Every structure is written in structure tokens, then in C-alpha cells.
Amino acid sequence: MTNPTLGTWEARAQALKIEGRAFIGGDYTHAIERETFDCLSPIDGRLLTQVASCSAADADRAVEVARATFDSGVWSRMAPANRKQVMIRFAELLEANANELALLETLDMGKPISDSLAVDVPQAAQALGWSGEAIDKIYDEVAATPHDQLGLVTREPVGVVAAIVPWNFPLMMACWKLGPALSTGNSVILKPSEKSPLTAIRIAQLAIEAGIPAGVFNVLPGYGHTVGKALALHMDVDTLVFTGSTKIAKQLLIYSGESNMKRVWLEAGGKSPNIVFADAADLQAAAESAAGAIAFNQGEVCTAGSRLLVERSIKDKFLPLVLEALKGWKPGNPLDPATNVGALVDTQQMNTVLSYIESGHNDGAKLLVGGKRTLQETGGTYVEPTIFDGVSNAMKIAQEEIFGPVLSVITFDSVEEAINIANDTPYGLAAAVWTADISKAHLTARALRAGSVWVNQYDGGDMTAPFGGFKQSGNGRDKSLHAFDKYTEMKATWIKL
Ligand code: NAD
């Protein structure tokens, strides 16, 4: 994929026509109450467009359409081989429109255009295509019955799925849900974050072009406490899938209990430990990786390596390498292809990150680099990549998810201590271990209470690996064939022969 110059991207941004309406039943539509909110770019604070602010009335309308479409069988009973073809076309259309989608993503949430092009759009397309490819290769089961019985164990789509997603990888998180949800035959209502709704709105049209029947895929932009809550409390939504904060994840479990006990699958927060043992074979690689693990996507990553656990004996040698590596991560205009750290998603998030930096100072952690807002003259929301040393795992900056480029360095003396510190968190999303000792790598990986563990690398994996959390990082898994479990009900049909 080509990545043109800053000037070209700026010209494209000027020329871009941005759709901000909801998408229900195959058409773009205003919110019933005609409410909208301003969609601002964190790059420079400019107004991008007005976006429909949907309400409970819109949720009712979308659920009704989704239910009717599901019941009609037009998609839910389509042969898997045909659904596969449509999903592959959908993926291809994302790729064909990669420049526009990448630009929307970058303008909307501030991430570098190079990342939107190289990571977000291709991985979103891959999630759709991979799930579609799989759907006609999955078999159901026949139980081991007595001779006069036939026991069929089958999977069927759950019905109406509501997907509520966050702003950090808006398109990719949506497609991690859409891929398996649509491939298995469900009707879906996607509620993007109010901070980054634009790509979700755009791909609704691409879904129709791909051949997904009208009403199967609907998009309701709006706030969490309005349309998000209405979907979560809706009596006719069968399954709610979510990526976002642990705080809201807990709330969704309550909404489910207060309504129809809809299935709730949660991908929530993280505070992931990146453990570097003294016997790591390649400290340079570990240092570069540690810098990337906190600076990539401005640290707005659920699996950000936000706690760097370093064995005391190598600390004086290792930290200078990390500091040197972090110099390569500099905030800049996200539309410049050379930029690798963009703007934080909005002023609120920037202030949250700055207040955590303040708390690090107040708790006695030692600032090694960064710590300030930067590029203020642009009108955008940029924060310098920041490292604190001398952090104890009890400090707020080590316990709470900051969701910004702020790294806490914690020192340990033994394997046991490293494991105890790593697991001393309410979260359990991811962890990494650096060592040349294969037994130590396995034993540590086994002891870590996390859904993903990486050895001698950070953030490995692709569509073939399940992704999700232990503990308060959530339940269920995105990606891989395991994701299909969330979107299907299991049925036992017992036949007397
Ligand atoms: P958030 O929880 O504030 O919002 C997520 C979504 O929930 C948004 O669409 C929001 O509008 C909606 N929402 C908010 N209140 C709601 C309510 N009462 N009812 C229904 N919906 C509601 O999270 P965020 O700030 O958008 O995203 C950051 C969080 O997402 C971080 O905690 C991060 O770790 C997490 N995240 C997790 C993963 C993962 O796979 N585990 C991936 C990316 C992000």
C-alpha cells in the first residue's frame, strides 16, 4: 500500500466528504430525535462533522429491523458457502477503500496515518475475511448415543447481536466482532465510541455493496449512557459483545441481569507486565520492544506494556537502552507519514493522562523522560512519551490503566517476585517474558494470569490466536475459531430412531 506525503493527506482530508448519520435497514438516517454531536479531530481541534446522536428510540428501531431481518432468514439461513463469499467481498472492499478508511481513522482519533494504513485497516479486513473463510469449514457433532437414538449437537446463530466498541482501534475492534458475528449468520447493531464513530459509519455502506442484506448490519453512533445503555438493557438483543473499560464492562453485566439475561462478552482493560530477566538473550531487542509497547498508538492500547519489570542486576545497563529507544518515538502531525506517535483521542483523555503523570510525581516515582503536554500550538492533544522509574507496584500509576504513553519501571530480584508483581493487578489481559532460559520462559508464562503471554517479543499473534482476558480484563475471546462460541447457541437434538 502506498503512503503519500503529508501534503497529499492534507489535501485528501480537505476534500473528504464525511458521513455522520446512523445506518439502519440499509440506509443512512438521522437520529429520530434529530440530535447530533460535534465530531472534533484531536489533530488540531477542527470540526470534522456532526454525528447522529442516537437514543433509545433509535435502538428500538434498529433492533426491530435486525430482528425482522434475522427471522426472515435472508442472511441467517443463507448457505455458509455463500455467506463466506459475501464476507470476503466485504473484506476486499475495506482494502479497496483503505486510503479513505485510514484517513477517517486518523482524523477521528489521532493515530498516525502510517499505522492506520499498515495496521488498522488491513487487520480489520483480515478479521472479516478470515472469519468468512472459516464458516464453511466448521462441522457440528453427532453424540455417542445408544443404537436407537441420534444425538445432534449443532450450533446456530444467537439472533440479534449488539456490539459496543471503544475508540482506540475503532475499525479493528469493530471487525473483531463483525467477522464472527456476521459470518455465523447473526444480525448486528454496532455502536461505535462517540469519540471515533466515522469508520463504523462508513463501512455500513461497504457491507451493502458487498452483498450483506439490508438490515443485517446496522450502525448507531451516540453516547454510551444513551444508546449504548438502551442496547444493553434491550429485551430483544440476544447477545452483547463489548470492548472497552472494565468500569463499563461491569455495568453491562448489571444491565443484562436487569433485562433479559442477554449473553455478555467482555474485552476490558489491562495493566500488562513486561518482564525482562537478566538472562534475556537480546537486551537491545527487549529495550526497543519496551519502548514500542508503551508508545505505539500513543499508549492507547489495552495490551500496552505499561509495567516494565526489570531484574535489578541488569537495570543500570538496560534502562539507558530503553531511553535511547524511546527517542525514536516522537509526537507529530498524524497525517505526516513519518510520524509514529499521534494525538491522544481528545482533551478529556489527555487530561486523564496528565493527571496520572501528576500522581506519579506525588507518589514519589522518578521521572526519567517526558511528562508534559506538547505541540500545544497545533490545537491538538499531544503528550510526550513518559517513563517513571522507582515505581512500586502499589502506586496508582502501576495499578490503574492510564491508557496513554506512560511507562512504570518496577525492579525485582527473583523469578517469584517478578511473577508476584506481575499478577498483583485486577487485570489479566497480557504479559511478556524475556529470557534465554526455555524452562524459565515456560514456567513464568504458565504462572502468569493473563490471556496472552509473549516470550521474547511484545504483542505477538494474529487472527489464529484467541485474544482476551483473565480476571477483570474480561471473558470470552475475540479472534480465532474460539470467537465463534460467542455468536452461536448450542443445541442438542435427540431423535428416537
Ligand atoms: P469505555 O468503556 O469508556 O467505552 C467503550 C464503549 O462503551 C463506548 O462505545 C462507549 O460509548 C460505551 N459505553 C459507555 N458507557 C456505556 C453504558 N453505560 N452503557 C453502554 N455502553 C456504554 O472505553 P473507551 O474509553 O472507549 O476505551 C478504552 C478502554 O477500552 C480501555 O479500558 C481499554 O483497555 C479497553 N480496550 C480493551 C480491549 C480488549 O480487547 N481487551 C481492546 C481495546 C480497548
Side-chain angles (χ1 to χ4, degrees), residues 37 51 53-56 59 108-109 111 119-120 123-124 127 162-177 189-197 200 219-234 237 240-256 258-259 262 264-272 296-306 344-346 348-350 352-353 356 400-404 425-430 450-452 459 461 465-479 483 486:
F37 60 86
V51 171
S53 183
C54 293
S55 64
D108 204 6
M109 74 71 68
K111 69 172 64 205
V119 180
D120 294 73
Q123 291 196 17
I164 299 180
V165 296
W167 48 261
N168 61 335
F169 293 94
L171 186 60
M172 204 163 104
M173 293 301 104
C175 289
W176 283 9
K177 316 291 186 198
I189 299 160
L190 174 64
K191 209 271 321 150
S193 169
E194 61 278 14
K195 295 179 198 274
S196 62
V219 181
L220 295 184
Y223 291 103
H225 64 273
T226 57
V227 67
K229 180 176 175 182
L231 287 168
L233 280 170
H234 205 288
V237 167
L240 176 61
V241 287
F242 171 79
T243 299
S245 63
T246 293
K247 177 171 165 232
I248 301 300
K250 291 181 180 184
Q251 189 58 48
L252 298 182
L253 290 168
I254 295 171
Y255 291 152
S256 167
E258 285 173 350
S259 57
K262 57 182 65 65
V264 183
W265 300 103
L266 307 162
E267 302 283 350
K271 193 73 197 176
S272 300
F296 172 66
N297 212 47
Q298 307 71 245
E300 297 165 320
V301 183
C302 52
T303 54
S306 52
L344 296 187
V345 72
D346 64 4
Q348 189 188 14
Q349 183 62 16
M350 178 183 68
T352 301
V353 171
Y356 275 111
E400 296 183 15
E401 185 177 42
I402 298 174
F403 228 54
T425 163
Y427 297 111
L429 194 56
S452 296
D459 213 7
F467 181 89
F470 282 27
K471 302 197 280 182
Q472 292 183 40
S473 288
N475 62 342
R477 294 294 180 265
D478 279 335
K479 308 201 296 180
K486 303 199 284 195

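Note that ligands are numbered from 1 as they come in the structure, with each ligand's atoms numbered from 1 the same way. What you see below is based on every heavy atom in this structure, not just the backbone, and it leaves out hydrogens, waters and symmetry mates. Predicted model, so just to flag it, every value in this text is computed and none were measured. Counting from 1, the numbers follow the sequence of the chain as shown.
Protein residues are said to neighbour a ligand when one of their heavy atoms lies under 4.0 Å from it; for ligand 1 these are I164, V165, P166, W167, N168, M173, K191, P192, S193, E194, G224, G228, K229, F242, T243, G244, S245, I248, L252, Y255, E267, A268, G269, C302, E401, F403, L429, F467.
Side-chain contact of T243 with K177: a donor-acceptor pair under 3.5 Å is present, judged by distance alone. K229 and T226 share no donor-acceptor pair across their side chains, judged by distance under 3.5 Å alone. A side-chain N or O of K195 and one of Q348 form a donor-acceptor pair less than 3.5 Å apart.
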- Message: Under the criterion ring pair (Phe, Tyr, Trp, His ring centres under 6.0 Å), I'd like the reasoning laid out for F470 against Y427: C-alpha separation, chi angles, the key distance, then a yes or no.
- Response: CA-CA 7 Å; F470 282 27; Y427 297 111; over 10 Å; no
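Looking at residues two or more places apart in sequence or on another chain, you find a side chain to side chain contact (heavy atoms under 4.5 Å, CB included) between P170 and E105, M109, S196, T199.
Checking side-chain atoms of T246 against main-chain N and O of A268 turns up no donor-acceptor pair under 3.5 Å.
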